[in-house]
Amino acid sequence: MKRLSTKFLPAILVLFLMSFSVLAQTKVGGQVSDAASKEALIGVSIAVKGKVIGTITDAKGSFSLSTSTPVPFTIVVSMVGYERQEIAISGNKTDLKINLKEQSVLGQDVVVSASRVEESVMKSPVSVEKMDIRSIRETPSASFYDALRNLKGVEMVTQSVSFSSINMRGFGSNGNVRVVQMIDGMDNQAPGLNFSVGNIVGISELDLENVEVLPGASSALYGPNAMNGIVLMNSKSPFLYQGLSAQIKGGFMDAPNRTVQNTPYSDISIRYAKAFNNKVAFKLNFNTLSAEDWQASDYRDQSLLNGRTLGLGGRSTNLAYNGVNIYGDETNVNMYSSLLSTLTANPTDALYPLRRGIEQISTATGGLLSPTAILGYIVPNVNISREGYAERDLASYANRNMKFNAALHYRFNDKVELILQGSYGQGTTVYTGADRYSIKNFSMGQYKAELKGSNFFLRAYTTQENSGDAYATGTLGQIVNEAAKPSTSWYPQYFGAFATQALTNFGTVLGTTLAQTGNPTLAVGNAIATTQAAFNTYHNNARAAADAGRLIPGTAAFTTAVEAIKGKPLPQGARFLDKSALYHYEGMYNFSEMLNDKFEMLVGANYRVYALNSEGTLFARQDNGQEFSINEYGGYLQLAKKMFQDKFKLTGSMRYDKNENFEGQYSPRLSGVYTVGQSNFRASYQTGFRIPTTQDQYIDLNTPSARLLGGLPVVQDRYKLSGNSLTLQSVLAGKPEVYTAKAWKPEQVRTFEVGYKGNLGNNLLADFYYYQSTFTNFSAGQVVVQTPQQHNDKTVVGNKVFSFPSNVDNLVKTSGWGLSLDYRLPSNWTLGGNVSYNAVNDNGGLSNYQLAFNTPAYRTNITLGNRNIGGSGWGFSTVWRYQDEYVWQSSFVNQILNQTQQSVIPSFSTLDAQISKKLSSIKSIVKLGASNLLGTAYTTGWGNPTVGSIYYVSITFDELLNK
């Protein structure tokens, strides 16, 4: 780190000194008003085009700024909801009268995400979606983050009221590692967990200026892991958004499956920003959320043992019951197989008396029944599991989230601005991975220093993660059972109690019938029938005996044991420790101005270090006892040129990235946009790649379903998997195949996409895309077993099960399309709708892998709203959303269900709505709203919670609020 700093800081200094110049000052000022009402507009942005210098209008609509930019230059006057104006300045001008007209044509937003340069969203070379301040303020969802699911092609998986994962174009997951989320240029992933942590440690809604979403491969400009898309969240500059703003949101949550159906919900935010002489500015943000979380209560039996199928059930219908959200009942043992071994046990075995009793009865029948035959009559060939604990008895559902952000901005001159920024968040939530994890008192900080110019930036930041008191809920359930009574004692006690009862009854009936009839055959028949008729009684009595001393939820003994186990790190306890860190250095320079804007040229590079630190609870250790670190670096070049009288723009990009554990990766992109009138046609060839995550590389974690291993040989070779294990799929198919390790590579994707975006008249905006993607070296879950034992119902039990990432041999192909239509109705009403389709092409060679496409074929949203009904200040918006059913695959799903694709997520639809009233006299907006207004409970992933409704009322105060 020290060596990197000594190279990085001089580079900042050189660019800083290059940007200094002493020039005459030009003064610009005036007033900005609404063209229709003539009322002064507060908070309008006035910026010198192509520079960092700018200011805003005050409470009277007035502004003034001084700039050293040589005349002539252009100022850009902009405000959300109004048409952008550009005004040429040739000298001092302090009495400008600017009238802004309300935006009359849809789709006039400006974006920077698609090409890393400012451009019209209409002319973006790739698909891009955007939420601006107005959309954020008017969303009926409980939070802006939840509202992202209303964008075309975006879906979200909910694991908690404060934690959802964004997915695009297939291969969704609870912690999506194929979609990158960035906040003010910082990757929001947790270094140890690997995925973006939703908005737990994110941006406050009051400080959010806009969100830009790029579905599809974006690695050419944004580097590794932006395979299926990228989400860019940009905060408000304290120069442009000043003063005090605050929001109080309160209400209640409702879901039929919760312990307490209705519970309070609150979300409070405050922001303050101040600028001094357009030179120095700072901002402070604070946000806190409090709620009782959604609960996971899927109690369907997923064991598929004893002839059962997936569905509602319990221990009365299946002795090996394994509920989806019941933990501690995953282990099962076959009673007949276990007791059969006692027939050859030594005299010191606890079940040796049973053997002697069976032998005595065999002798009494004169050899008519062998000991093995007697055992078969008195003991059924069934699997038995221990009773587990419901998630609600183990998880931390008290969802608390606190976020703090501060930033200091300093403008050296018109060209260079220094930003020092820090964000810290702490909270408790629940996450579904290989286990259901209670992320209790989790915290993460991100700290950035950035030097930003009109044509360059240099950025350095670090992400510091601390798992706090987080623990694995499923593992906790298992260990609680083991703490009360080890399974090595519990199962023999159960089997012995059952068999003893059955054998006693069998012997009694056999002896009585023989004495009465003298007929051995009749006596054996009666004994068998009588004994087997009482099997249920024996099972109940045996379980009662084995469960003696079981820890009961709600008792002091249970609470004491749970707290003790949660305090111990894995594998002895359930707590996982993670204090991993990320260090990132990045820079970019735009040479377009030096080239006289004949064509655009961008050059950028980055260097990144992951420092793993889980104290051995998550990651494998090196031979010296230390955990691993991972180094990456990359660079890119982009060229763009307008042609054919500026009607066509061709853009080409090339990026190279290198991770120390894998070969270097090239990511080219080529795109073109052709503009005719208000219509824009685009086509692109995009590539992306994903360097395996830190967990994919180095995890070594035992979970209820399998031991999770990293894909690197340094981890796998410790367990001697290659040549010494069988693939699970082949065992289930009855054709066991030996697993042989192969080279593991980063996955890559090539995407061809065409699209159209344009205004069909003044009132209808249409946007369409179609894509085809081909994945090579696709990384999917591989499951192998050692010492497998296959039973008649094809269930593998008593094995060492290992799950790890591996490359799919075949190409994986996906395709899809999306269409959105937005129509401006009379009297400021707007009607919109979008539909997206995604599919994976299984060519028949992928059966040994769990692709985890995890995406509905169809998703659709329909919106209706009016931000100012009849000029009254009343507003209204509503969103109806629907998605298809689909199969969910993950390491949390029972492995048999994974392989047979029975883990189906049902289709559902929801309705969100809100009404609002602007109170100009107190510069506030009051909003009454509900997400999932109709109360249709649904789930978005296997084992995830049932999501209900949130009903809320909020009041937002903003000094910059206009009438």
Side-chain angles (χ1 to χ4, degrees), residues 129 131 134-162 164 166-167 205 211 249-258 261-263 265 267 291 293-295 818-823 825 828-837 855-867 869 874-886 905-917 925-941 944-954:
E129 303 287 329
M131 285 179 61
R134 188 172 53 189
S135 301
I136 294 165
R137 185 175 64 197
E138 296 169 359
T139 177
S141 300
S143 72
F144 84 89
Y145 201 83
D146 288 341
L148 292 174
R149 70 185 76 224
N150 301 328
L151 299 178
K152 179 173 72 275
V154 176
E155 61 181 283
M156 299 182 73
V157 181
T158 301
Q159 297 125 84
S160 164
V161 67
S162 62
S164 296
I166 299 173
N167 299 318
E205 186 169 310
V211 183
K249 185 181 298 181
F252 67 93
M253 299 167 55
D254 176 88
N257 71 314
R258 299 204 300 166
Q261 182 168 333
N262 298 315
T263 58
Y265 170 87
D267 189 353
D293 221 329
W294 306 123
Q295 296 185 7
L819 171 66
S820 65
L821 297 171
D822 293 284
Y823 189 76
L825 296 167
N828 291 324
W829 286 90
T830 57
L831 175 66
N834 64 66
V835 59
S836 58
Y837 171 82
T855 301
Y858 288 96
R859 291 188 75 257
T860 187
N861 298 279
I862 297 176
T863 64
L864 176 66
N866 189 326
R867 68 180 59 92
I869 301 173
W874 286 94
F876 169 82
S877 65
T878 185
V879 179
W880 177 81
R881 185 173 67 255
Y882 168 83
Q883 69 177 46
D884 269 348
E885 73 171 29
Y886 61 100
I905 305 302
S907 63
F908 67 87
S909 63
T910 65
L911 179 69
D912 299 348
Q914 66 88 9
I915 56 174
S916 63
K917 171 62 175 175
I925 297 176
V926 176
K927 182 163 70 172
L928 176 66
S931 62
N932 195 9
L933 176 63
L934 302 181
T936 305
Y938 63 92
T939 185
T940 57
N944 280 4
T946 297
V947 180
S949 305
I950 300 179
Y951 304 92
Y952 65 89
V953 59
S954 71

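Both backbone and side-chain heavy atoms feed into the values below; hydrogens, waters and symmetry mates do not.
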Residue pair [X] / [Y]: nearest heavy atoms and the distance that separates them:
| X | Y | value |
| --- | --- | --- |
| F876 | L864 | CE2-O, 4.0 Å |
| G935 | S949 | CA-OG, 3.2 Å |
| S164 | M156 | CB-CE, 3.7 Å |
| W294 | P945 | CB-CB, 3.6 Å |
| A142 | K249 | O-NZ, 2.6 Å |

[X] side chain to [Y] main-chain N or O, any donor-acceptor pair under 3.5 Å?
| X | Y | answer |
| --- | --- | --- |
| T946 | N257 | no |
| Y951 | L933 | yes |
| T878 | D912 | yes |
| D293 | V161 | yes |
| T940 | T158 | yes |
| S141 | S143 | no |

Rounded to the nearest 0.5 Å, how far does [atom2] of [Y] lie from [atom1] of [X]?
| X | Y | atom1 | atom2 | answer |
| --- | --- | --- | --- | --- |
| I915 | N866 | CD1 | CG | 13.0 Å |
| I862 | L831 | CD1 | CG | 8.0 Å |
| R137 | S954 | CZ | OG | 11.5 Å |
| T860 | Y882 | OG1 | OH | 10.0 Å |
| D267 | Y952 | CG | OH | 11.0 Å |
| T139 | K927 | OG1 | NZ | 6.0 Å |

task = Assess the side chains of T910 and R881: does a donor N or O sit below 3.5 Å from an acceptor N or O?
result =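 Checked: T910/R881 side chains pair up, N/O donor to acceptor below 3.5 Å.
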task = Indicate whether the side chain of N861 and that of N834 have a donor and an acceptor atom separated by less than 3.5 Å.
result =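 A pair is found: one side chain offers a donor N or O, the other an acceptor, under 3.5 Å apart.
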query = Can you list the steps and then say if T863 with T830 is a side-chain contact (heavy atoms from CB on, under 4.5 Å)?
reply = CA-CA 8 Å; T863 64; T830 57; 6.0 Å; no
task = Take Y145 and V211 through the test side-chain contact (heavy atoms from CB on, under 4.5 Å) and record every step on the way to the result.
result = CA-CA 10 Å; Y145 201 83; V211 183; over 6 Å; no
query = Sequence neighbours excluded, which residues qualify as side chain to side chain donor-acceptor pair (under 3.5 Å) partners of Y858?
reply =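 Not a single residue meets the side chain to side chain donor-acceptor pair (under 3.5 Å) criterion with Y858.
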message = Tell me every residue that passes side chain to side chain donor-acceptor pair (under 3.5 Å) with T939, counting only those two or more places apart in sequence or in another chain.
response =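 Expected list: none.
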ask   = What's the verdict on side-chain contact (heavy atoms from CB on, under 4.5 Å) for V157 and N167, showing C-alpha distance, side-chain angles and the deciding distance?
value = CA-CA 8 Å; V157 181; N167 299 318; 3.0 Å; yes
request  = Please collect all salt bridge (charged side-chain N to carboxylate O under 4.0 Å, His left out) contacts where either partner lies in residues 142-156, sequence neighbours excluded, each pair once.
outcome  =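 Listed by first then second residue: E129-K152, D146-R149, K152-D767.
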